[in-house]
Number of protein chains: 2
Amino acid sequence: MQILLDIQKKLLPDLLETMQKRYNILRYVKAMEPVGRRSLANHLQLTERTLRSEVDFLKNQNLLEVHSSGMNLSQEGRELLEQLEGIMREVMGINILEQRLREMLQIDEVIIVSGNCDESPWVKKELAKACAARMKHEWKNRRTIAITGGSTMAAVADSLVSDEYSKGVTFVPARGGVGEMSQNQANTIVEKMAQKVHASYKVLYVPDQLSDEVYASLMKEPSMKEVIARIKSAEMVIHGIGEALVMAERRKSEPSVLTRLVEQKAVGEAFGYYFSESGEVVHKVLTVGLQLEDLTPEKKVIAVAGGKKKAKAIQSYIRGTHATTVLITDEAAARELISD
Amino acid sequence: MQILLDIQKKLLPDLLETMQKRYNILRYVKAMEPVGRRSLANHLQLTERTLRSEVDFLKNQNLLEVHSSGMNLSQEGRELLEQLEGIMREVMGINILEQRLREMLQIDEVIIVSGNCDESPWVKKELAKACAARMKHEWKNRRTIAITGGSTMAAVADSLVSDEYSKGVTFVPARGGVGEMSQNQANTIVEKMAQKVHASYKVLYVPDQLSDEVYASLMKEPSMKEVIARIKSAEMVIHGIGEALVMAERRKSEPSVLTRLVEQKAVGEAFGYYFSESGEVVHKVLTVGLQLEDLTPEKKVIAVAGGKKKAKAIQSYIRGTHATTVLITDEAAARELISD
DNA sequence: CATGTGTGGGACGTTTTGTGTCCCTTTGGT
DNA sequence: ACCAAAGGGACACAAAACGTCCCACACATG
């Protein structure tokens with residue numbers, strides 16, 4: 001059945017929405033019958049007219065009856081609703097999860113793919129695919145895209161496909177050297193993405209461990225300044241979210257940093273910032289490029305991360321910044337987040 | 001899965017239609033790629049513009065790509081189509097049957113309920129329900145409805161439910177005395193239907209075995225003439241289809257009639273007419289009311305019959321008259337019809 | 001090289017559908 | 001008798017869908 005639903009989601013994207021709407025109407029009618037149009041419209045947060053159209057429709061389908069005293073479910077409607085109750089749990093599983101997460105995290109948009117990244121490797125590909133598809137919808141209008149490193153972002157690069165608007169896009173790394181393996185470095189991924197969709201790109205190589213003077217003079221370099229300006233003006237930011245300690249180790253951070261992270265109970269990491277459970281920034285990698293405060297509301301920020309064990313990291317990061325507009329995650333992480 | 005589909009059919013009636021349309025587009029694109037918009041529109045019997053809207057949609061869903069040389073399926077489209085092929089067989093099972101029957105019998109509309117009347121008694125109820133629902137859509141505009149007898153029609157009467165327009169309807173028996181058991185007689189059913197939906201009705205009692213003189217004088221009776229005129233002007237005709245010999249026996253026809261039916265290979269029967277396999281009328285019950293030639297194209301004629309063993313009867317009847325606009329039958333009969 | 005046929009995409013006016021917003025009559029309870 | 005709440009009719013307006021062009025471009029063919 002799941003496969004049928006997946007196909008339908010592709011072939012009729014607003015099917016679920018409509019089903020859910022009508023399902024809700026039937027439920028409310030059952031609960032409140034006999035109920036009038038206007039009062040029902042209030043409860044369902046629909047305008048009178050739209051609800052009326054729906055009611056007319058349901059009436060034509062013999063699912064409800066309308067009398068002068070109000071609306072009732074018909075016998076057939078009752079039977080259908082009974083079946084529907086059972087099936088909707090399954091049908092809306094993901095949808096309901098998305099909705100709850102949206103409310104809980106106060107995020108505009110949540111996309112959940114079913115499965116668990118940690119257990120099934122192909123789920124990460126699904127995550128990446130979802131991210132790629134989501135990006136696609138934006139890059140007609142948002143043409144400078146900042147990207148971070150990480151294996152998830154590398155997967156996103158693999159999933160990108162070019163289209164008519166993609167040529168106009170420029171990819172830039174969000175921040176200089178935050179210490180990933182080369183194939184998962186932001187610069188590498190930026191290059192790969194640009195090649196995939198025939199777009200332009202700019203890289204930002206900032207050597208680690210520079211003395212302050214060299215660093216300062218480097219920053220005065222015009223080419224450098226230009227890239228950084230471009231990065232700061234990016235209209236879309238795509239990034240992964242990591243577990244704080246895992247990231248710190250992978251980056252071979254100083255022991256002092258590590259201990260501080262542990263002491264301050266850092267759990268999440270995103271583009272070089274480490275967040276405690278409550279969302280406070282407890283550490284940041286010092287480098288150029290996007291800073292947390294650059295994530296203004298005008299930017300579209302897409303965060304991608306999946307797997308049950310990343311739930312806390314996701315939460316800490318979301319608490320730490322309200323800039324994220326889209327969260328793309330998997331079912332396992334979503335359920336874990338909600339269960340907390 | 002079937003239950004989900006059933007629900008969806010109720011909740012979004014044109015879902016299947018849309019799915020099928022898009023599925024077809026994908027199939028054709030795959031078969032003809034790279035293919036242009038106009039040529040595709042021809043093959044699919046869609047106008048250029050509607051196809052274009054669909055293509056835009058599918059393009060946005062990343063299911064197909066459009067280049068200057070024509071359209072191709074995308075990788076994702078290919079994958080989806082593969083899954084779709086498998087699932088559509090099941091999804092459209094009934095729909096495809098309906099479509100094939102429509103083409104094969106040259107009928108405007110075919111409605112098939114799944115199952116087999118002969119084996120599962122509740123399938124007849126489903127047939128009746130489908131018929132009742134179908135009638136409902138008409139009686140806003142078609143207000144005089146002629147009904148025949150038979151157990152199927154009796155079941156239809158049970159399934160009728162009243163609505164706002166039903167009061168304006170008048171039920172009449174299609175023909176006088178064609179010899180059914182009283183509870184399955186047209187007059188009885190007409191009365192029952194009218195009661196069910198708070199409509200008016202007229203009956204037509206024509207005693208059997210009248211001498212010609214009495215019959216002639218009876219026909220001059222004004223009340224009689226009025227009813228008959230009403231019947232002939234009926235805007236909708238609902239009738240069952242029977243197996244010729246079964247019907248003849250049930251009606252206790254003369255042995256001479258029986259032998260003639262056998263000789264002439266009568267197989268189907270509908271409102272008193274007997275049809276041979278090729279559709280010729282080989283016998284008719286002599287009585288007043290609707291005659292075969294009264295079934296003009298303006299009338300909406302709905303034929304209801306199900307069960308594998310009625311397939312031949314249905315076919316013979318349909319061949320005999322092209323007046324039928326809607327056939328309501330069950331899966332078993334439909335499959336049998338197509339396999340012939 | 002010209003030409004003809006196919007491609008996608010833009011554009012525009014028309015039609016249809018959906019919607020927000022009224023108002024009116026009916027109904028049923030107080 | 002009255003009032004609140006019901007459904008339904010009506011209308012104007014916006015948005016979407018649609019039919020029907022025309023255009024630029026690519027490619028094969030003469």
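Below, chains carry the letters A, B, ... as their sequence lines are ordered, and counting in each starts from 1.
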Undergrad: Across the strands shown, which category fits B:V55 at heavy-atom distances under 4.0 angstrom: base, sugar-phosphate, nothing?
TA: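 No contact.
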Undergrad: Side chain of A:R49 only, heavy atoms from C-beta on: which candidate in D:dG7, C:dG10, C:dT19 is closest?
TA: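 Output: C:dT19.
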Undergrad: Send over the distance from A:N60 CG to D:dG8 C1', rounded to a whole Å.
TA: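 Rounded to the whole Å, the gap is 14 Å.
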Undergrad: Nearest to the side chain of A:R37 - C:dA11, D:dG8, C:dT27?
TA: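 Nearest to the side-chain atoms of A:R37, counting from C-beta on, is D:dG8.
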Undergrad: Looking only at side-chain atoms of A:E48, point me to the closest of C:dG8, C:dG20, C:dT21.
TA: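 The nucleotide sitting nearest to the side chain is C:dT21.
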Undergrad: What is the separation between atom CD on A:E65 and atom C1' on D:dA6, rounded to the nearest whole Å?
TA: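 To the nearest whole Å, that distance equals 16 Å.
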Undergrad: What are the two closest heavy atoms between B:T144 and B:V172, and how far apart are they?
TA: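 Closest heavy-atom pair between B:T144 and B:V172: CG2-CG2, 4.3 Å.
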Undergrad: Tell me whether the side-chain N/O atoms of B:T47 come closer than 4.0 Å to OP1 or OP2 in D:dG19.
TA: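 Yes.
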Undergrad: Can you measure B:D14 atom CG to D:dA17 atom P for me and round it to whole angstrom units?
TA: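 The distance from CG of B:D14 to P of D:dA17 comes to 13 Å, rounded to the nearest Å.
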Undergrad: Looking only at the side chain of A:S39 (C-beta and beyond, no hydrogens), which of the listed nucleotides D:dG7, D:dA26, D:dA6 gets closest?
TA: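 Of all the options, the side chain of A:S39 is nearest to D:dA6.
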Undergrad: Indicate yes or no for a side-chain donor-acceptor contact from B:E98 to the backbone of B:I111 under 3.5 Å, with no hydrogens or angles considered.
TA: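 No; judged by distance alone, with no hydrogens or angles, the pair does not exist.
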Undergrad: If you pin A:V35 and B:S68 to their nearest nucleotides in DNA chain D, which one's is more 5'?
TA: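 Closest to the 5' end, via its nearest nucleotide, is A:V35.
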Undergrad: Tell whether A:R38 reaches the base of D:dG7 with its side chain through a donor-acceptor pair below 3.5 angstrom.
TA: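 Pair found.
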Undergrad: D:dA16 P sits how many Å from B:E54 CD, rounded?
TA: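 From B:E54 CD to D:dA16 P: 16 Å.
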Undergrad: In whole Å, what is the span from the CG atom of B:L40 to the C1' atom of C:dG8?
TA: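 For the pair B:L40 CG and C:dG8 C1', the rounded distance is 13 Å.
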Undergrad: Any chance the side chains of B:R22 and B:T18 put a donor and an acceptor closer than 3.5 Å?
TA: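 There is no such pair between these side chains.
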Undergrad: Which one, C:dT7, D:dC18, C:dT21, comes nearest to the side chain of B:S53?
TA: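 Per side-chain heavy atoms of B:S53, the pick is D:dC18.
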Undergrad: Is the closest side-chain donor-acceptor distance between A:S53 and A:T50 under 3.5 Å?
TA: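 Side-chain D/A pair, A:S53 to A:T50: absent.
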Undergrad: Evaluate the ring planes of A:Y28 and A:H43, with Trp represented by its six-membered ring, and classify them as parallel (under 30°), tilted (30 to 60°) or perpendicular (over 60°).
TA: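 Correct class here is tilted.
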Undergrad: What I want to check is whether an N or O donor and acceptor connect the side chain of B:R52 with the base of C:dG10 at under 3.5 Å.
TA: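 For B:R52, whose side chain was compared with the base of C:dG10, there is a donor-acceptor pair (under 3.5 Å).
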Undergrad: Rounding to an integer number of Å, can you tell me how far B:N42 CG sits from C:dT5 P?
TA: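 These atoms are roughly 16 Å apart.
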Undergrad: For B:D56 and D:dG19, give me the distance from atom CG to atom P, rounded to whole Å.
TA: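 Answer to the nearest Å: 14 Å.
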Undergrad: Take the protein atom CG of A:L46 and the nucleotide atom P of C:dG20, then report the distance between them rounded to whole Å.
TA: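 Distance, rounded to whole Å: 9 Å.
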